[in-house]
**Q** 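Take a look at this one; I'll ask things after.
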Number of protein chains: 2
Amino acid sequence: MAPRKAVNQELTREIIMEAARTLFVTDGYRNVSIRKIAAKLGYSHGSIYYHFQNKAELFYALVERDFSALNQKLDEILAQRNPADVKLQAVLIGFIEFGLTHQNHYEIMFLTKDEEIKSFLNQGPNKSYEKFANALQTLSEKTINVQTTWSVFLMLHGFVAHYCQSGQQFHDVRGLAESYVNIIFTSMLAS
Amino acid sequence: MAPRKAVNQELTREIIMEAARTLFVTDGYRNVSIRKIAAKLGYSHGSIYYHFQNKAELFYALVERDFSALNQKLDEILAQRNPADVKLQAVLIGFIEFGLTHQNHYEIMFLTKDEEIKSFLNQGPNKSYEKFANALQTLSEKTINVQTTWSVFLMLHGFVAHYCQSGQQFHDVRGLAESYVNIIFTSMLAS
DNA sequence: CCTTTAATTGACCAACGTTCAATAAAACTT
DNA sequence: AAGTTTTATTGAACGTTGGTCAATTAAAGG
């Protein structure tokens with residue numbers, strides 16, 4: 001009943017994700033519809049479903065890369081030739097910076113309640129947390145226990161979650177983030 | 001074109017809110033539709049809009065009471081005849097308990113990005129935070145500054161936000177919450 | 001040139017939030 | 001009691017969403 005597009009460019013997962021990403025970054029998961037993505041690319045909405053099984057899979061494909069980016073960021077900080085305490089603070093502030101410069105991504109990575117999305121998350125959050133926890137253990141020379149490590153994560157999460165919600169950018173709250181991290185930092189050493 | 005319901009019971013905001021609340025508590029904002037609420041009450045969906053201007057207003061009306069409940073909870077803790085440090089810990093754990101026993105409410109109170117909902121929030125979150133901050137200031141005998149107070153809030157928020165997302169109940173994480181609060185508590189005194 | 005496969009389309013579905021003219025019940029007025 | 005006004009309810013309608021799928025044709029392989 002319906003023709004097929006002339007072949008100037010076939011759709012690929014890459015092309016779709018590229019279009020989806022820019023919409024996603026500015027508008028967030030809920031305000032981006034499959035139809036808008038298709039319209040932006042000049043295709044019908046049905047074609048998206050040939051490449052992705054549903055909206056959740058498409059957006060998880062974007063977010064999967066963000067887990068890699070976060071993991072890589074942690075690795076880079078660890079690879080710096082700096083004193084352990086400097087690197088430790090860099091890890092803490094780095095996590096906040098990541099969260100606030102990819103707010104809509106962070107939301108899906110660590111904040112969504114959507115069951116459909118969660119079904120795609122797999123081990124992404126766990127793996128990133130493992131990296132984070134290892135970094136803390138290493139840099140503190142094992143002086144902090146798992147309970148404290150987890151608590152530090154939750155504290156950072158609280159900061160990111162709040163400023164995600166308020167919509168402020170990282171550069172707006174850099175100073176706050178630094179003193180927040182300082183409080184966490186000193187309380188880590190005390191334990 | 002359409003008749004009007006026989007008069008066994010006229011709809012009121014109260015009745016609607018009551019029906020909405022039970023659905024809301026179990027299913028969350030996004031999974032509760034105006035149509036489901038109306039169906040549960042045996043009315044047409046249009047009738048809801050006579051009593052509430054839209055979905056956001058209806059659910060904010062529910063959440064408004066939760067701000068009162070939270071404020072009241074804080075007042076009750078402050079009114080206890082206990083040492084200040086005991087009350088201080090009760091405030092911290094009380095906030096977490098509140099958040100995790102009203103997860104879908106907490107989400108709208110402190111976690112939503114939905115602009116329509118935010119437009120109804122007004123001073124609700126600020127007012128509750130003021131109460132919380134005052135409690136901290138009073139109970140710590142002014143030894144903590146505003147920056148620390150705000151940080152303590154963000155830390156608690158992180159705990160609640162995470163376990164809201166994971167869907168666990170307060171009684172499942174009571175132990176964790178207590179040690180988390182202890183870490184915060186000792187770091188407060190250190191500052 | 002013929003056949004097969006792969007990709008695209010758009011009609012279609014169920015559900016959503018929201019609006020609104022039509023309606024009738026209820027409350028007033030006389 | 002009759003007439004009028006107000007108030008609450010209805011459901012059709014609109015636009016939008018995520019998702020499905022038979023029909024179709026472009027491209028690939030023979």
Side-chain angles (χ1 to χ4, degrees), chain A residues 1-20 23-24 27-63 104 108 112-120, chain B residues 1-20 23-24 27-63 104 108 112-120:
Chain A
M1 212 186 201
R4 179 180 164 168
K5 190 106 182 220
V7 67
N8 30 20
Q9 177 63 58
E10 248 180 26
L11 267 186
T12 60
R13 283 173 72 99
E14 269 318 307
I15 291 174
I16 295 170
M17 286 166 68
E18 191 191 327
L23 291 174
F24 180 44
D27 299 348
Y29 181 74
R30 290 194 41 207
N31 302 312
V32 177
S33 68
I34 294 289
R35 286 167 149 88
K36 276 182 200 155
I37 299 166
K40 182 178 173 180
L41 291 167
Y43 285 73
S44 80
H45 64 273
S47 65
I48 307 284
Y49 288 93
Y50 183 79
H51 299 278
F52 294 93
Q53 62 181 272
N54 56 29
K55 188 180 174 182
E57 195 215 333
L58 165 52
F59 283 90
Y60 179 67
L62 299 180
V63 158
N104 286 320
I108 289 193
T112 188
K113 276 185 85 173
D114 187 306
E115 285 304 326
E116 185 118 55
I117 289 181
K118 277 195 194 170
S119 75
F120 286 101
Chain B
M1 214 191 201
R4 178 180 166 168
K5 189 105 183 221
V7 67
N8 30 21
Q9 177 62 59
E10 250 182 25
L11 268 184
T12 59
R13 283 174 71 100
E14 268 318 307
I15 291 174
I16 295 170
M17 285 167 70
E18 192 191 325
L23 291 173
F24 179 44
D27 299 348
Y29 182 73
R30 290 194 41 207
N31 302 312
V32 177
S33 68
I34 294 290
R35 286 165 145 91
K36 275 183 200 156
I37 298 167
K40 182 177 172 181
L41 292 168
Y43 285 73
S44 79
H45 60 273
S47 65
I48 307 284
Y49 288 92
Y50 183 79
H51 300 277
F52 294 94
Q53 64 181 272
N54 56 29
K55 188 181 174 181
E57 195 214 334
L58 165 52
F59 281 90
Y60 179 68
L62 298 180
V63 157
N104 287 319
I108 289 192
T112 188
K113 275 184 85 172
D114 186 307
E115 285 304 326
E116 185 118 56
I117 291 180
K118 277 196 197 168
S119 74
F120 286 102

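Heavy-atom basis, side chains included; hydrogens, waters and symmetry copies ignored. Convention: sequence-line order gives letters A, B, ...; per-chain numbering from 1.
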**Q** Return the set of residues passing side-chain contact (heavy atoms from CB on, under 4.5 Å) with Ser33(A) (not counting sequence neighbours), or none when no residue passes.
**A**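 By the side-chain contact (heavy atoms from CB on, under 4.5 Å) rule, Ser33(A) matches Arg35(A), Lys36(A).
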**Q** Both Gly46(A) and His51(B) contact DNA chain D. Taking the nearest nucleotide for each, which residue is further toward the 5' end?
**A**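 Its nearest nucleotide being more 5', the pick is His51(B).
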**Q** Please enumerate all residues that pass ring pair (Phe, Tyr, Trp, His ring centres under 6.0 Å) together with Tyr29(B), with sequence neighbours excluded.
**A** Phe59(B)
**Q** In whole Å, I'd like the distance from the CZ atom of Arg30(B) to the P atom of dA15(C).
**A** 17 Å
**Q** Using whole Å, report how far CG of Asn54(B) lies from P of dC20(C).
**A**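 Distance check: Asn54(B) CG to dC20(C) P gives 14 Å.
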**Q** In whole angstroms, how far is the P atom of dT17(D) from the OH atom of Tyr29(A)?
**A** 14 Å
**Q** Holding to side chain to side chain donor-acceptor pair (under 3.5 Å), I want the full list of residues that pass it with Glu115(A), two or more places apart in sequence or in another chain.
**A** none
**Q** Nearest 0.5 Å, please: how far is OG in Ser119(B) from CG in Asp114(B)?
**A**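 The CG atom of Asp114(B) sits 8.5 Å away from the OG atom of Ser119(B).
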**Q** From NZ of Lys55(B) over to P of dT19(C), roughly how many Å is that when rounded to an integer?
**A** 14 Å
**Q** Output the rounded distance in Å from OH (Tyr49(B)) to C1' (dC16(C)).
**A**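 Checked: the OH to C1' distance equals 9 Å.
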**Q** Taking CD from Gln53(B) and P from dT19(C), how many angstroms apart are they, rounded to a whole number?
**A**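 It is 9 Å, rounded to the nearest whole Å.
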**Q** Within residues 31-40 of chain A, which residues have any heavy atom lying less than 4.0 Å from an atom of DNA chain C?
**A**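 Heavy-atom cutoff 4.0 Å gives Arg35(A).
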**Q** Using a cut-off of 4.0 Å on non-hydrogen atoms, how would the nucleic acid contact of His45(B) be classed: base, sugar-phosphate, or nothing?
**A** base
**Q** Verify the contact: side-chain N or O of Ser47(A) to OP1 or OP2 of dT8(C), cut-off strictly under 4.0 Å; return yes or no.
**A**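 Answer no for this pair, as no side-chain N or O of Ser47(A) is under 4.0 Å from OP1 or OP2.
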**Q** Measure CG/Leu58(A) against C1'/dG19(D) and give the value in whole Å, please.
**A**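 Leu58(A) atom CG is separated from dG19(D) atom C1' by 14 Å.
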**Q** Output the distance between atom OG1 (Thr12(A)) and atom CD (Glu18(A)), rounded to the nearest 0.5 Å.
**A**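 Rounded to the nearest 0.5 Å, the OG1-CD separation comes out at 8.5 Å.
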**Q** Roughly how many Å is it from OH in Tyr43(B) to C1' in dT9(D), rounded to a whole number?
**A**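 Going from Tyr43(B) (OH) to dT9(D) (C1'), I get 9 Å.
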**Q** Only counting residues at least two apart or in another chain, list the ones meeting side chain to side chain donor-acceptor pair (under 3.5 Å) with Lys113(A).
**A** Asn104(B), Glu107(B)
**Q** How would you list all residue pairs meeting side-chain hydrogen bond (donor to acceptor under 3.5 Å, both in side chains) that involve residues 49-59 of chain A, not counting sequence neighbours?
**A**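 Sorted result for residues 49-59 of chain A: Arg13(A)-Glu57(A), Asn54(A)-Glu116(A).
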